[in-house]
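All of these numbers come straight from a predicted model, not from anything done at the bench. First the proteins, then the strands, lettered A, B, ... as listed; each starts at 1.
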Amino acid sequence: MPVGDHAMADQPAGRDYRDTLFLPETSFPMKAGLQKLEPETIARWDEIGLYRTLREDAATRPKFVFHDGPPYANGHLHIGHALNNILKDLVVRTRQMTGYDADFRPGWDCHGLPIEWKVEEEFRAKGRKKQDVPATEFRAACRAYAETWIGIQKGERKRFGITADWEDPYVTMAFDSEAAIAAEFLKVVRAGLVYRGSKPVMWSPVERTSLAEAEVEYHEKTSTTIWVKFPIVARPDVSVVIWTTTPWTIPGNRAISYSPAISYGLFEVQSVEQGLAFEPWVKAGDKLVVADKLVDEVMKAAKAATFTRLGDFDPAGVVCAHPFRGKGYDFDVPMLAGDHVTDDAGTGFVHTAPGHGAEDYLIWVARGLSQADIPFTVDEDGRYTKEAPGFENLEILQLEGKNAGKDGPANKAVIEALVAANALLARGILKHQYPHSWRSKAPVIFRNTPQWFIAMDKPGPRGKTLREEALAAIDATDWGHEGARNRIRSMVETRPDWLISRQRAWGVPLAMFVHKDTGEILKDDAVDARILAAMKEKGADAWYSTPAAEFLGPDHPASDYEKVEDILDVWFDSGSTHAFVLGQRPSLPRPADLYLEGSDQHRGWFQSSLLESCATRGHAPYKAVRTHGFTLDEDGRKMSKSLGNVLPADKLFKDYGAELVRLVTASVDYEDDQRIGKTIFEQCGETYRKLRNTMRYLLGALAGFDEAERLPDDAEWPLLERWLRHRLWELDGQVRAAYAAFKFRDALTAIVEFCNVEFSAFYVDVRKDSLYCDRPDALRRRACRTALDAVFERLTAWLAPIMVFTTDEAWRTRYPDAASVHLRQLPETPASWRDESAAAEMARLRAVRAVVTGALEIERREKRIGSSLDAAPVVWCRDAALAEALRAVDFADLCITSAIVVEVGAGPADAFRDEGQGVAVEVKPALGRKCARSRRILPEVGTDPRYPDLSLRDADAVAWWDARAAR
RNA sequence: AGGCCCGUAGCUCAGGUGGUUAGAGCGCACGCCUGAUAAGCGUGAGGUCGGCAGUUCAACUCUGCCCGGGCCUACCA
């Protein structure tokens with residue numbers, strides 16, 4: 001029968017039954033309006049004191065100790081911060097909802113160079129130079145600057161929906177923090193690990209200041225290059241040749257580096273180029289050692305016309321003389337093997353002045369040579385000192401006038417002295433990239449300066465070195481995977497001593513006194529106590545503003561002591577946070593259960609905290625460490641200001657809402673780098689829509705659900721609900737396991753797939769008929785609503801850590817008197833819900849159902865049916881047992897067809913079939929009239945005289961309805 | 001330049017110890033429904049598993065090299 005026929009016949013102008021249906025009803029809107037909802041929700045949480053209640057609720061539970069790595073109090077937050085903060089929030093919330101007390105005390109890192117720069121700029125804008133601003137005023141300005149950004153960042157962090165103790169964060173510039181940091185430093189001093197050494201730093205003579213790597217920019221510079229002969233002590237007729245672009249560093253030379261991987265030869269010059277406008281320094285008979293690969297280049301520069309190779313040369317163990325030997329440079333110049341030496345340019349030998357280059361310094365220290373033997377050849381103004389005999393007071397760079405920054409007399413004097421010593425082989429000119437000061441644009445030099453260090457390899461109070469203790473602590477820590485452990489392990493194995501002093505203004509001082517004669521650090525408990533008390537009261541400023549005598553007291557004359565005015569490396573600040581954040585409240589004992597930061601912090605905070613804690617306590621401040629990758633743009637490029645692909649927090653709030661950023665965070669493999677852009681936000685928007693609509697449908701379908709309607713656990717449950725509850729039981733285990741392992745994505749994926757595939761497309765689709773049409777006391781409908789209630793309870797709790805705003809909205813829509821979904825725990829799911837036989841049975845039924853839907857789809861294509869209710873398929877099963885199973889349930893109900901007939905056999909040849917299952921489906925039109933209420937087409941429609949246009953089930957339901965209405 | 005890590009459909013991800021036609025969800029296309037309606041349901045099309053070479057009877061899965069990307073160092077005396 002064509003569709004049209006009964007459509008006409010079955011639409012008598014009868015009663016409109018719409019009112020008798022139980023359609024979903026809810027005030028929960030389909031559209032979220034996150035931009036409005038989120039700030040309102042946050043304000044409400046503040047109002048009801050949600051965080052305080054969370055703490056009170058959890059006070060007696062086991063602690064999960066998370067320690068927040070402090071972001072730097074400068075600049076607006078962007079997507080990278082969002083990911084970092086949301087991940088931390090997911091960790092804390094999932095622990096809080098699974099039986100723990102998970103306090104989150106957020107922090108900020110406040111001291112350091114970037115803030116100094118900004119504040120300097122502010123002063124400059126007002127026409128004041130840093131030198132003219134009193135130190136206390138400058139530090140006060142830095143403090144105010146940091147304060148401002150803490151306020152801004154706090155607002156942005158809160159706006160991402162992070163639950164944390166925003167009322168009482170920790171900040172490294174708080175007076176008691178500064179005192180605590182100084183106290184930590186003094187503990188390291190007492191452990192005997194702090195010593196004064198020296199190190200070449202980038203120094204700008206023009207500005208008389210050291211520069212950090214970030215304060216330097218590279219520009220093209222024209223330099224004088226020289227080839228210098230270093231006579232071999234044992235064979236004075238032979239010279240090793242080096243090449244350098246900085247002749248002024250020759251007085252600082254203390255070694256020559258070579259590479260064991262390069263072949264060197266001993267060469268004799270035979271003739272010199274003729275007809276030159278000048279007399280070359282090279283002479284026939286000179287015996288020179290250079291790398292084989294570079295000999296042609298060197299000889300050409302030296303103007304040697306012909307030469308011969310006398311043989312191989314092995315530099316190992318060779319000792320040279322300094323070219324100025326006999327003029328105050330009588331030390332030996334050893335040969336050092338170094339990986340940094342190449343034969344790409346130069347001579348294959350590297351002039352090594354440990355006071356003038358980072359690599360030179362490192363190789364010197366690495367070869368076990370003493371820091372004390374590194375000379376201070378250049379002073380603050382870039383002038384030679386008495387440790388550069390013969391060149392005292394000569395300037396490397398001109399400091400004044402229009403030529404400031406240009407070469408001073410030093411290079412020229414050195415070259416002339418080399419010529420006089422018959423040590424110059426050749427000279428030349430080279431244009432190359434050279435570091436310049438960011439501010440003055442003048443070239444910088446490497447200059448050896450006294451600095452304070454923490455020794456890595458000196459035995460401490462526990463008889464072990466800091467390196468040994470740190471490595472043992474690394475082995476005792478859970479890093480998630482071996483790769484992460486290896487990464488930090490190799491860093492700690494090879495790192496040099498910790499350089500902790502900075503000649504800066506904004507930070508915590510190395511608050512100690514050094515005896516002027518002995519160079520020893522004063523260790524006196526009473527002095528330390530006075531220092532710390534003053535700092536606790538007045539902050540770091542107290543160190544500078546208080547006369548030394550007040551700290552030193554009567555026992556130590558102030559005139560005997562140097563008050564160290566350097567400040568601590570800010571990494572020491574953040575490395576000390578564990579000391580003043582953990583162990584201060586009952587909810588945050590030490591050590592922490594978890595540190596979670598970007599993977600760059602293996603070099604940063606993870607390491608500074610580890611070293612600080614090992615130096616002072618002998619163990620790590622954390623039990624476990626997890627990392628996340630970096631946020632890249634959609635094309636996998638790193639986000640940077642210059643590329644203009646940074647996603648600032650305010651744009652995220654405006655364009656997508658924090659909830660979507662949270663969903664994105666929970667969707668990605670955070671351990672790896674994440675590509676984030678429009679596409680993934682659109683995708684997560686779809687996920688959001690699905691989850692929101694699922695909650696909305698649940699709210700609608702559960703309208704008016706009361707306890708009397710709830711079907712008891714021990715009732716006779718339909719297979720479909722037995723299966724659904726089994727799935728909830730399974731999911732409960734998956735979600736808990738995923739959250740326990742910080743695998744938020746696994747939880748979200750499982751939940752989303754459940755919502756899409758099983759709940760929405762199958763369960764709800766099937767049960768709509770019952771939900772809308774059954775009378776409310778029908779067991780099937782009660783089972784359904786009871787199950788839906790269970791789904792709602794779990795869905796809102798499982799998703800609460802991720803979708804913090806939407807789940808709260810849904811929860812409070814259902815329970816308007818509830819304070820917040822976030823005060824809940826994940827609901828227990830009874831083990832009795834586990835029902836493997838129901839799961840197996842449903843799997844079998846759904847496989848057959850898939851054949852039925854396949855057959856229906858062909859009919860739809862052919863326009864023979866529209867709705868599946870137009871059909872009454874015949875299902876042919878080869879297997880009689882399968883047929884029996886299909887007959888045992890209301891299979892038409894599961895397939896959403898008006899009727900279904902199950903037969904044993906192969907079925908007609910043209911039937912739609914699945915050979916694998918031995919199932920064939922023959923689609924026939926449903927027979928009978930269409931029920932005006934349920935829209936099913938059944939022969940029985942019309943058999944109840946009271947309701948001639950209804951099926952029997954619907955007639956009964958309407959009778960119930962009418963009876964109730966009459967009451 | 002060195003160390004570590006990553007590279008499976010448009011997107012986000014699954015793919016123990018190598019073994020049948022490489023999977024899921026979303027998106028997309030087409031269709032259905034019009035009692036979740038800026039919603040819901042179904043069907044379908046998408047991948048030389050970054051590339052090349054090797055080990056093997058057999059590789060997305062093992063090895064090497066290369067390409068692309070990221071983090072951290074080192075920056076050329």
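- Rounded to an integer number of Å, the gap from CD of Q674(A) to P of C11(B) is 16 Å.
- Distance check on atom P: G23(B) versus A45(B) gives 13 Å, rounded to whole Å.
- In this structure, R775(A) forms no cation-pi arrangement with F22(A), as its terminal cationic atom is not both closer than 6.0 Å to the ring centre and no more than 45° off the ring axis.
- When each of Q601(A) and R696(A) is assigned the nucleotide of RNA chain B bearing its nearest heavy atom, the one mapping closer to the 5' terminus is R696(A).
- Here the C1' atom of nucleotide C11(B) and the OH atom of Y656(A) are 14 Å apart, to the nearest Å.
- Taking atom C1' on both nucleotides, C6(B) is separated from A38(B) by 39 Å, rounded to a whole Å.
- Between G42(B), C11(B), G35(B), one nucleotide has an atom nearer to the side chain of R18(A) than all others, and that is G35(B).
- Note on D669(A): only backbone sugar-phosphate atoms sit closer than 4.0 angstrom, heavy atoms only; bases stay farther off.
- Using a 4.0 Å heavy-atom cutoff across all strands shown, S867(A) reaches sugar-phosphate atoms only and no base atom.
- If you take CZ of F630(A) and P of C4(B), they are 19 Å apart, rounded to a whole angstrom.
- To the nearest whole angstrom, the two C1' atoms, one in C52(B) and one in G68(B), are 15 Å apart.
- The neighbour count for E25(A) CD, taken as heavy atoms of other residues, nucleotides or ligands under 6.0 Å away, does not exceed 12.
- Within 4.0 Å (heavy atoms only), R933(A) reaches at least one base atom of the nucleic acid.
- Within the nucleic acid shown, T249(A) has no heavy atom closer than 4.0 Å to any nucleic acid atom.
- Between Q674(A) and L83(A), some side-chain heavy-atom pair lies under the 4.5 Å cut-off.
- For L23(A) and U34(B), the CG to P distance is 14 Å, given to the nearest whole Å.
- Nucleic acid contact class of T687(A) (heavy atoms, under 4.0 Å, all strands): none.
- Pair assignment for C49(B): none, as no Watson-Crick or G-U wobble contacts are both less than 3.5 Å.
- In this structure, R626(A) is not positioned above the aromatic face of F742(A) in the sense of NZ or CZ being under 6.0 Å from the six-membered ring centre and within 45° of the axis.
- In this structure, the NE2 atom of H481(A) is 8 Å from the C1' atom of C5(B), given to the nearest Å.
- Counting non-hydrogen atoms under 4.0 angstrom, Q683(A) reaches a base of the nucleic acid.
- Looking at heavy-atom distances under 4.0 Å, R860(A) makes contact with sugar-phosphate atoms alone, never a base.
- Salt bridge annotation for E634(A)-K678(A): absent, with no cationic side-chain nitrogen under 4.0 angstrom from a carboxylate oxygen.
- The shortest distance between the side-chain N/O atoms of K768(A) and the OP1/OP2 oxygens of G35(B) is not below 4.0 Å.
- Taking 4.0 angstrom as the limit, R495(A) places none of its side-chain polar atoms (N or O) nearer than this to OP1 or OP2 of U73(B).
- Between D954(A) and the choices R933(A), K930(A), R935(A), R936(A), the salt bridge (Lys or Arg N to Asp or Glu O under 4.0 Å) rule is met once, by R933(A).
- For G2(B) and U17(B), the P atoms lie 31 Å apart once the distance is rounded to whole Å.
- Within 4.0 Å (heavy atoms only), T749(A) reaches no atom of the nucleic acid at all.
- When heavy atoms are screened at a 4.0 angstrom cut-off, G636(A) is found touching the sugar-phosphate backbone but no base atom.
- Rounded to whole Å, atom P of A39(B) lies 11 Å from atom NZ of K690(A).
- Put simply, CZ on R864(A) is 15 Å from C1' on G31(B), counting in whole angstrom units.
- Close to C26(B), at under 4.0 Å from its OP1 or OP2, lies a side-chain N or O of N756(A).
- For the OP1/OP2 pair of G40(B) and a distance below 4.0 Å, the side-chain nitrogens and oxygens of R689(A) include at least one atom meeting the criterion.
- Taking the C1' atoms as reference points, G47(B) lies 14 Å from A24(B), given to the whole Å.
- Using atom C1' as the reference point in both U48(B) and A9(B), the two lie 13 Å apart (nearest Å).
- Between S868(A) and G42(B) there is no side-chain polar atom (N or O) within less than 4.0 angstrom of OP1 or OP2.
- Atoms CD (E915(A)) and P (U21(B)) sit 21 Å apart, rounded to a whole Å.
- Side-chain N/O atoms of S760(A) and base N/O atoms of A36(B) include a donor-acceptor pair closer than 3.5 Å.
- For A36(B), the OP1/OP2 oxygens have a side-chain nitrogen or oxygen of Y772(A) closer than 4.0 Å.
- At a threshold of 4.5 Å between non-hydrogen side-chain atoms, the residues T897(A) and L856(A) count as touching.
- Nucleotides A29(B) and G46(B) place their P atoms 16 Å apart, quoted to the nearest Å.
- Nucleotides U12(B) and G31(B) are separated by 27 Å at their C1' atoms, to the nearest Å.
- Backbone-only engagement by V757(A) is indicated by non-hydrogen atom pairs under 4.0 Å involving sugar-phosphate atoms exclusively.
- Across all strands, R637(A) comes closer than 4.0 Å only to sugar-phosphate atoms, never to a base (heavy-atom distances).
- In the set C26(B), C30(B), C72(B), C72(B) carries the atom at the smallest distance from any side-chain atom of M491(A).
- For the pair R767(A) and D893(A), the salt-bridge criterion is met [side-chain N within less than 4.0 Å of a carboxylate O].
- Each of F762(A) and L632(A) was assigned the nucleotide of RNA chain B with the nearest heavy atom; the assignment lying further toward the 5' end belongs to F762(A).
- In terms of polar N and O atoms assigned as donor or acceptor, the side chain of R603(A) never comes within less than 3.5 Å of the base of C71(B) in a complementary pairing.
- Between D774(A) and R953(A) there is a salt bridge, with a side-chain nitrogen of the basic residue lying less than 4.0 Å from a carboxylate oxygen of the acidic one.
- Taking side-chain N and O atoms only, K863(A) has a distance below 4.0 Å to OP1 or OP2 of C32(B).
- Within the 4.0 angstrom heavy-atom criterion, base atoms lie near R935(A).
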